[in-house]
Amino acid sequence: MRTPAGRAVEALRARAADLRAANDPAGAIRLYRQALSLIPRHVPILNDLGATLMRMGDLSAAEAPLRAARAADPGHRPSAANLATLLRLRGRHQEHLALLTEILDRHPADGQAALDRGDARRRAGDLAGAVADYRRASETAPHLAAAWINLGGALLQSGDAGGAIAAYESLLAREPDHGRALAGAWQARREICAFDGIDAVEAGLDRANAAALAAGRVPPETPMMRLKRIDDPAALKALTRAWAPAPPAAGPAPPSPRTPDTKGPLRIGLMASGLRANVCGFHVATLLDHLDADRLQVFLYSLLPMPDAPVGARLRARARAVRDLTGLPAAVAAQTIRGDRLDLLIDVAGHTLGGRPDILARRPAPVQATYLGYPGTSGSPALDLAITDVVADPAEFTEALARLPSPFMPWNPVAPPAADDDAARARGRRDLGLADDAVVLACPAWINKITPSLLDLWLGVLADHPHAVLMVAGDSPALRRHLGGRAAARGVPAERLLFMPVVGHQAFLERLALADVGLDSFPYTTHTTMMEALWAGLPMVSLRGRQYAAAIGAAFVDLAGLPDLVADSPEGYRRRVDRLVTDPAFRAACRAHLIAGRATCRLFDTAATARAVTRAIETIVARSRRGEPQGPFDVAD
């Protein structure tokens, strides 16, 4: 603008940009407002003002100037993008999606808008729409790495692991060292046992992790991925620390503990991303069913949408309150938790999908602990304790350990399988097309926990014992092709492979009960599914590792009274599998022992686990109220 007012506004805008660069947003805002007093409908200034207010966290104040910019110039792309971001941060998802659609109608080749709308559709559960938008973004803006990354993630989430591999490899063809693409390609390959070439992917991932750690950046490999890949507690701890967000520079101080003479039950928060009909939801619901409401008042904080049925209604009935934190900014979510005046906040999400360590970093409770959802350290200084069990090694954890008597997780009671009856078991095996002399080896862990070396060990058993078959948890044409090809290369025909698609809880248990020999995964051993397999009467062979997640499976087999099935090396694991395959009397004795022990085994005593959790919580809170440090302790049985 060549008018005096225009020149003055441009000068003010330049000075405001300097102040923003000098980390003085308040000063910049004063200059923007001064500029608007000269030209009230100056679209770039309105946009800059709204963007600066948004970065300061004042979302309410930011909306007015951004909407004014949109009203003055509906085609102004920066203000539209900023307003879309604001709507997402405020949780106004329908408005956010509508605005992104409007932007794409005006700018069909806008790859960033397509990428953003794909993200919005994915959060809303519209995977097909998300995939379409990510493809559009990758075609119109192939330089956008996030378009390929998110396309791969959405395809993998929708069950198309092969398509996900192709998306990641398209990016790797342009950027061979792209860490997130390497991580995604590794995950997709593990989902369908596409192990040819996975060594090169892992080598690239190791290089990307090392470079990120050396530079003080977050590594591309997530802690959950590392649990499935390498049994190295020290390396896991270093990687997990890097994933822990730093506390905000000037956040509020942690709330003070309530005084020791506070009356009434303790106020306990559980923050989780899986409060639905899944493993986490069932565990939390079972725990709440057995907690004493006169001693513990539980507040639930859901990080992802929480359906009402069937688990959601059960959780709502047991909780003092349920707060939906889905999509909320960390500061807003932390303030919501702070308002409940908790004695203890327990993070059940950890480093699983949907976890929010950024909320925990703001210290919304006087004491914070991790428990149940993620089998390892958070790596975060915001977590004071990890509620684990006697299997955990303190050297692996950044938190002090509150160790329960084993097991650390509650058993979710289910009916005994019909296959307890020999006639029903024989019918079930015939329905699977099994020969009378077939010995069924079954791994209850989902297929993505299986390493190439472990799979080769199992295929070696099948090659040496022609009457043995292998049952795995997972089923897709791609999995059948890759797993069948690896088996054929070792002389094992495809008909000796059985695949278990996703089925209901009881149906899964019934299928396990038809097997003869249970195979634990490694290095991420089976946990919930180990309990289910042992309940079904399936003798499980487990390899004891060093990390917590690598040792839990063996601990559960010990607790079930079958220590002879626990190995300390792959060779020992193979010997135990061979014995079960070749010794039907030993198999039958193990199965009979498991079935007879259901009523007495500590593994299935949910009430005892709930009592131990209660004692741990009461000890933690009592220390907090007395102002004592939160050191490690073991909970008496």
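One is the number of the first residue; the rest follow in order along the sequence. All values reported here derive from a predicted model rather than from experimental measurement.
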Item to check | CA sep, side-chain torsions, deciding dist, call: F633, T619, side-chain contact (heavy atoms from CB on, under 4.5 Å) | outcome: CA-CA 9 Å; F633 65 95; T619 300; 3.8 Å; yes
Checklist entry - When you look at R591 and D516, which way does the salt bridge (Lys or Arg N to Asp or Glu O under 4.0 Å) test go after all the steps? => result CA-CA 8 Å; R591 182 168 180 267; D516 301 291; over 6 Å; no
Item to check | Under-4.0 Å salt bridge between D358 and R362 | outcome: no
Checklist entry - Going by atom types only, do E399 and T370 share a side-chain donor-acceptor pair under 3.5 Å? => result no
Next on the checklist: Evaluate R544 against D520 for salt bridge (Lys or Arg N to Asp or Glu O under 4.0 Å), listing each step before the verdict.
Outcome noted: CA-CA 10 Å; R544 194 191 313 275; D520 199 0; over 6 Å; no
Checklist entry - Does the side chain of T259 come under 3.5 Å of the side chain of T262 through a donor N or O and an acceptor N or O? => result yes
Next on the checklist: Taking D292 first and then R611, would you say they form a salt bridge - that is, a charged N and a carboxylate O separated by under 4.0 Å?
Outcome noted: no
Item to check | R403 with D634: basic N within carboxylate O range, under 4.0 Å | outcome: yes
Item to check | salt bridge (Lys or Arg N to Asp or Glu O under 4.0 Å) between R425 and D420, worked out | outcome: CA-CA 7 Å; R425 190 164 190 265; D420 277 2; over 6 Å; no
Checklist entry - Does I620 offer a backbone N or O that forms a donor-acceptor pair with the side chain of Q630 under 3.5 Å? => result yes
Item to check | side-chain contact (heavy atoms from CB on, under 4.5 Å) evaluation trace for I198 with R190 | outcome: CA-CA 9 Å; I198 200 170; R190 284 285 286 262; 4.1 Å; yes
Next on the checklist: Salt bridge check, R229 against E221: does any charged N sit closer than 4.0 Å to a carboxylate O?
Outcome noted: yes
Next on the checklist: Can you confirm whether the side chains of Y301 and D340 place a donor and an acceptor under 3.5 Å from each other?
Outcome noted: yes
Checklist entry - Are a donor atom and an acceptor atom from the side chains of H527 and T529 found within less than 3.5 Å of each other? => result no
Item to check | CZ/R625: more than 12 non-hydrogen atoms of other groups inside 6.0 Å | outcome: yes
Checklist entry - Can a salt bridge be assigned to the pair D384 and R363 using a cut-off of 4.0 Å between side-chain N and carboxylate O? => result yes
Item to check | Derivation of the salt bridge (Lys or Arg N to Asp or Glu O under 4.0 Å) call for R318 and D289 | outcome: CA-CA 7 Å; R318 294 292 185 183; D289 285 343; 3.1 Å; yes
Item to check | Distance-only donor-acceptor check, side chains T286 and N412, under 3.5 Å | outcome: yes
Item to check | Test: R579 cationic atom under 6.0 Å from F586 six-membered ring centre, within 45° of axis | outcome: yes
Checklist entry - Is the shortest side-chain N to carboxylate O distance from D343 to R258 below 4.0 Å? => result yes
Checklist entry - Are Y524 and Y548 close enough that their ring centres sit under 6.0 Å apart? => result no
